[in-house]
There are 2 protein chains.
Amino acid sequence: MTGRRFLSTTASACNKYAAYVPKQGSYPKGYKVGAVSSGVKKNSQLDLSLIISEKPASAAAVFTTNKFKAAPVQLSKLVLEQTDKVQAIVINSGCANAVTGTKGLANAKEIVQAVDQLVTGSSASDKMSTLCMSTGVIGQQLSMDKILGAIPKLFKESLGSDHEHWLTCAKGIMTTDTFPKLVSKEISLNNHTYRIAGLSKGAGMICPNMATLLGFFVTDAPIEPKALQSILSYAVNRSFNSISVDGDMSTNDTIAALANGAAGGPAITESSGESYELIRDEITQFAQTLAQLVVRDGEGATKFVTIKIKDALSYEDAHQVGKTIANSPLVKTALYGKDANWGRILCAIGYSDVEVNTSKTNVSFVPADGSAELKLLVNGEPEVVDEERASQILQFEDLEISVDLGTGGGAETTFWTCDLSHEYITINGDYRS
Amino acid sequence: MTGRRFLSTTASACNKYAAYVPKQGSYPKGYKVGAVSSGVKKNSQLDLSLIISEKPASAAAVFTTNKFKAAPVQLSKLVLEQTDKVQAIVINSGCANAVTGTKGLANAKEIVQAVDQLVTGSSASDKMSTLCMSTGVIGQQLSMDKILGAIPKLFKESLGSDHEHWLTCAKGIMTTDTFPKLVSKEISLNNHTYRIAGLSKGAGMICPNMATLLGFFVTDAPIEPKALQSILSYAVNRSFNSISVDGDMSTNDTIAALANGAAGGPAITESSGESYELIRDEITQFAQTLAQLVVRDGEGATKFVTIKIKDALSYEDAHQVGKTIANSPLVKTALYGKDANWGRILCAIGYSDVEVNTSKTNVSFVPADGSAELKLLVNGEPEVVDEERASQILQFEDLEISVDLGTGGGAETTFWTCDLSHEYITINGDYRS
């Protein structure tokens, strides 16, 4: 097909992004993780990942709001209605098990029960303790033989707690991602050291309310289930729900969190005051790092763009303007073309359908090298833009667009997005083959 | 730049679409039209068009809802607040005169007054009788010397009422359009023959509520101003507000209508019963033809896609689902890649945020050759799709996607869109240069 040559750029992007793949990490205690190739994906690629907590862990999750929820989403919601503690997360890539009707749901359940049997020794359908996630093509049934055959092998031979195991686990959930997304860090709280690890996958169908986005945070901190859910919701709103690659929201997106308490210390609840806020803010910052990696690896992306919206009437308005700019194909193609066509940014603000003060709106480019911002619109009047300077600024991979809506409301937010390139079209025009 | 070679495809598209450019027409009486090159566009391209009615004509218009309304939109609204009859429409292409502050508004006014002086002999600012429109790059001031210098030449030397004049007028408003959009027809009403001509331009920034879309209908039928406005609003909702190329809504979009009554007959008002409905429906059908041409010539488009939404709870719901599918980059790239990835259509329905009955939803491809439809989803369960047949259907330039939401509400609508190609990226990554 016409654009085939662009695919080579995708391949070389793996090298370009090597800096974002960690060479070591500090991982939470009490977990074993890994991945194998089940044969769903071609060429023996890793496509089945498993995370196991040695003891039941507090569990929380945030799911897609798409009306056509994939079978694994429906099932994981059901699991969390039955219990607030689970011991495993199983993830397959290559097939989303979405829009697969009653058979798809039965298949997801069979996978969960197979994992439960190995982890807990029980496969009772009213006591499930595994969350499941799927990502890949929509509308196809899972190859159950392959997946059910691979689970015991994965469980017996491939799990571990070293850096390589975590990295392999992150690789097993990739679809069109060009690099595995894995981050970890240590935090100190109540005289204890806790570890958090996070994994995610992008890289298209990314839009607020998450998209074909799978992600998990696992920690050895002793966070109670209810507190974990509120921390996760808070963090996801300010991270995965503030990014956009293409504006499509998927049937499968799920962000889950496990906290097994293996590192000891007093239980953290919503009433824990400072400890609660501290770990909530740490997890939020951590989620933002992970979400930004998804944008940087957006399908075909050549630019990483931070959009700061200031002085909106409300947080919701600020979010809506950020989202509209982030999803505008004309803004995204101009960024790809390194064209300072800032009129398209204004245009997107104008149709975002929120209150703006058109005679007090300000827009600037903030260069990635820390040099002075370039003013484009000041109080609604266009600046005479130094095109050469604009062009210099647009050469950087990173760019910040600053938008002041001038409403007097003072609300603000940050959004992250990427550009729209020939390669996005190539990847998505031919995804299933 | 990387994708430059795709531009050759754009050029050849002119031949591809030759069938859509009329070789003759039947045009309304009492109008003179034409276009010249003012020098705003490079290479002596036509960039200034004028339509003049010999006597004052009933006038109506529908404008963009973008908060940053371009200067010509602000001014044309003002003109229609002062009067319901005008004698001219002036349109420049190459510069949108949008986000140009107070200077831009003063420039638009100066153009209107220059035309008024020539047409009516008066340039009083409280009695303007010209509508103005602009299309092109946002955020740049008009080259007033060039435009003011060209208006008298256009008025004295280039106006006429032959087919060639109408075609030249349509060419003068093109930006990235690959062919001029002009249609005309005769209708019989009250024992009179009336003629309608329509002109429009696309081809990017096209989204419901119209986008960088300029269009006009002019007729010699004696439609009263109030009736003309209600006919235009009705027609635009069912045509230009039901198309999408890329989901961006512009600062400039305007559809205007003139009716000068030059063909005689009794005045048509909203109380004219059958005559009113007949001409309203004729103009609506006419507007749909013109709107479909805009989609067919969408930037980089290789496909023309009709989306029929059935059994929604309300017309608004049906429209929202149609719009969401039409704007999904993943649906559009799959169509470009001739990939029957219908799961993406389901996914878009699911995030369109309207009521659907997921267990009664049906989706089919309806082939352009009139052969049997290909069922993809039946009552929420995926069909085993014959991929070879799907591939055959996707080879046609035209495709209909049929979506039945199964809500029992019975509301329906039709939406038109195109695919998203490498060429769209090329055109918009480098538009200003």
Side-chain angles (χ1 to χ4, degrees), chain A residues 1-3 6 64-69 96 98-102 137-141 204-205 207 209 246-251 327-330 333-334 336-337 339 341-344 346-351 353 356 358 376-377 380-382 420-422 424-426 428-433, chain B residues 1-3 6 64-69 96 98-102 137-141 204-205 207 209 246-251 327-330 333-334 336-337 339 341-344 346-351 353 356 358 376-377 380-382 420-422 424-426 428-433:
Chain A
M1 72 175 267
T2 329
F6 292 110
T64 181
T65 57
N66 195 302
K67 294 278 197 319
F68 290 93
K69 288 177 176 55
V99 201
T100 46
T102 47
V137 177
I138 300 175
Q140 291 181 359
Q141 298 290 353
M205 254 197 205
C207 182
N209 294 316
D246 54 17
D248 274 283
M249 188 196 346
S250 122
T251 47
N327 281 329
S328 160
L330 288 171
T333 48
Y336 172 58
D339 180 2
N341 196 331
W342 57 271
R344 293 179 179 175
L346 258 287
C347 181
I349 300 169
Y351 69 75
D353 209 24
V356 301
T358 55
L376 301 166
L377 189 84
E381 298 275 341
L420 175 58
S421 69
H422 288 109
Y424 177 88
I425 307 290
T426 300
N428 285 297
D430 197 28
Y431 175 54
R432 298 191 314 164
S433 55
Chain B
M1 72 172 271
T2 329
F6 293 111
T64 181
T65 57
N66 195 303
K67 293 279 198 317
F68 290 94
K69 287 177 177 54
V99 201
T100 45
T102 48
V137 178
I138 300 176
Q140 291 181 0
Q141 298 290 353
M205 253 198 205
C207 183
N209 294 316
D246 53 17
D248 275 282
M249 190 200 341
S250 122
T251 48
N327 282 328
S328 159
L330 288 171
T333 48
Y336 173 58
D339 181 2
N341 196 331
W342 58 271
R344 293 180 180 175
L346 258 288
C347 180
I349 299 169
Y351 70 75
D353 210 23
V356 300
T358 55
L376 303 166
L377 189 84
E381 296 276 341
L420 175 58
S421 69
H422 288 109
Y424 177 88
I425 307 292
T426 300
N428 285 297
D430 198 25
Y431 174 54
R432 298 191 313 164
S433 54

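Since we're looking at a predicted model, the values are computed, not measured. In what follows, every chain begins at residue 1, and chains take the letters A, B, ... in the order their sequences are listed.
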(message) What part of A:Thr102 gets within 4.5 angstrom of chain B, counting heavy atoms only: side chain, backbone, both, or neither?
(response) both
(request) Search all heavy atoms of B:Cys347 against all heavy atoms of A:Asn66 and return the closest pair with its distance. (result) O-ND2, 2.8 Å
(request) State, to 0.1 Å, how close B:Gly139 and A:Pro382 come at their nearest heavy-atom pair, and which atoms those are. (result) O-CB, 4.3 Å
(message) How long is the straight-line distance from CG of B:Asn327 back to CG of A:Asn327, given to the nearest 0.5 Å?
(response) 10.0 Å
(message) If the test is side-chain contact (heavy atoms from CB on, under 4.5 Å), which one of B:Ile349, B:Leu346, B:Leu376, B:Thr358 qualifies with A:Val99?
(response) B:Leu346
(message) Between B:Leu377 and chain A, with a heavy-atom cut-off of 4.5 Å, which part of the residue counts as in contact: side chain, backbone, both or neither?
(response) side chain
(request) Identify which of B:Gly380, B:Ala96, B:Ser421 forms the greatest number of heavy-atom pairs closer than 4.5 Å to chain A. (result) B:Ser421
